[in-house]
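Note that the structure is a prediction, hence the values are computed from the model and not measured. Counting starts at 1 for both ligands and their atoms, following the listed order.
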Amino acid sequence: MRYLILSDIHANLEAMQRVLEDADDFDAVLFLGDAVGYGPNPNECTELLQAQPRLTALAGNHDLVALGQLQLSAFSSLAAEAARWTAAQLTPANRAFLRSLNPLLDTGTALLAHASPRDPVWEYLESEHQAASSFRLFGSPVCLVGHTHVPRIFVLDESGYVRMRQPGAGQPLRLDPGRRYILNPGSVGQPRDGDPRAAYAQWDSERGYFEFRRVAYSVISTQEKILGAGLPSLLAARLAHGR
Ligand code: ZN
């Protein structure tokens, strides 16, 4: 199966559209959560997501807060302001779709977690030590996570040692059948690794290849919409820096 892997779209329609144009042919889509929050097009992005073939989707913390399922007080003031705006925008149909999603799902081929297997809503999986704890909680060869907005590879080797790597864009990672992996594709709509281009991944589960990809999109168009919607200007500014 050839999977397109998307995470943390954050209502950024320009980035999402460019990713869908840039992707190679795929059979199914895996979405790791945070369709909405921060960005100016929550309904359009939720609808475009639902239109994808053979979609398996998770809810992220920003989806859950927009639905009233998490407290606003758990978020930064910037994120809370965007969540309030998003909650007021979402149509009943899009709310119902997002409400149907969970932050953790075992597909049989892979474990999908918005944040981490240990804490699927909140944990920022950023160290080998954290990854070692998560590897103990699932048995499949591959776990896919989002949430940090930073592309990452965690590999558990045959001797039980975990290594973390920053992936290179466009370089296929050959998945070794003797090892297990936690892979984060990075964020479509709000990258935070210093590269403002939209991040996503492709996975050929039969051939055992995983590829991290980046594609430039019109940041200025998204920024203009953020400012036009009256969302905090910092949310527009950060897209130019990928921070
Ligand atoms: Zn996010």
Asks: Applying the side-chain hydrogen bond (donor to acceptor under 3.5 Å, both in side chains) criterion to R2, which one of D204, D27, D25 satisfies it?
Replies: D27
Asks: So among H114, E126, E123, which one has a side-chain hydrogen bond (donor to acceptor under 3.5 Å, both in side chains) with H147?
Replies: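 Passing option: H114.
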Asks: Which residue pairs satisfy the salt bridge (charged side-chain N to carboxylate O under 4.0 Å, His left out) criterion with at least one member in residues 43-72, sequence neighbours excluded?
Replies: none
Asks: Can you name the residues that form a salt bridge (Lys or Arg N to Asp or Glu O under 4.0 Å) with D24, not counting sequence neighbours?
Replies: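 Salt bridge (Lys or Arg N to Asp or Glu O under 4.0 Å) check on D24 returns R213.
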Asks: Does anything in residues 49-81 pair up under ring-ring contact (aromatic ring centres under 6.0 Å, His included), and if so which pairs, sequence neighbours excluded?
Replies: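 Listed by first then second residue: H10-H62, Y38-H62, H62-F75, F75-W122.
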Asks: Please report how many protein N/O/S atoms lie under 2.8 Å from the Zn ion (ligand 1).
Replies: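 Under the 2.8 Å cut-off, the count stands at 4.
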Asks: Indicate yes or no: at least one non-hydrogen side-chain atom of N12 is less than 4.5 angstrom from one of N41.
Replies: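 They are not in contact (no side-chain heavy atoms under 4.5 Å apart), so the answer is no.
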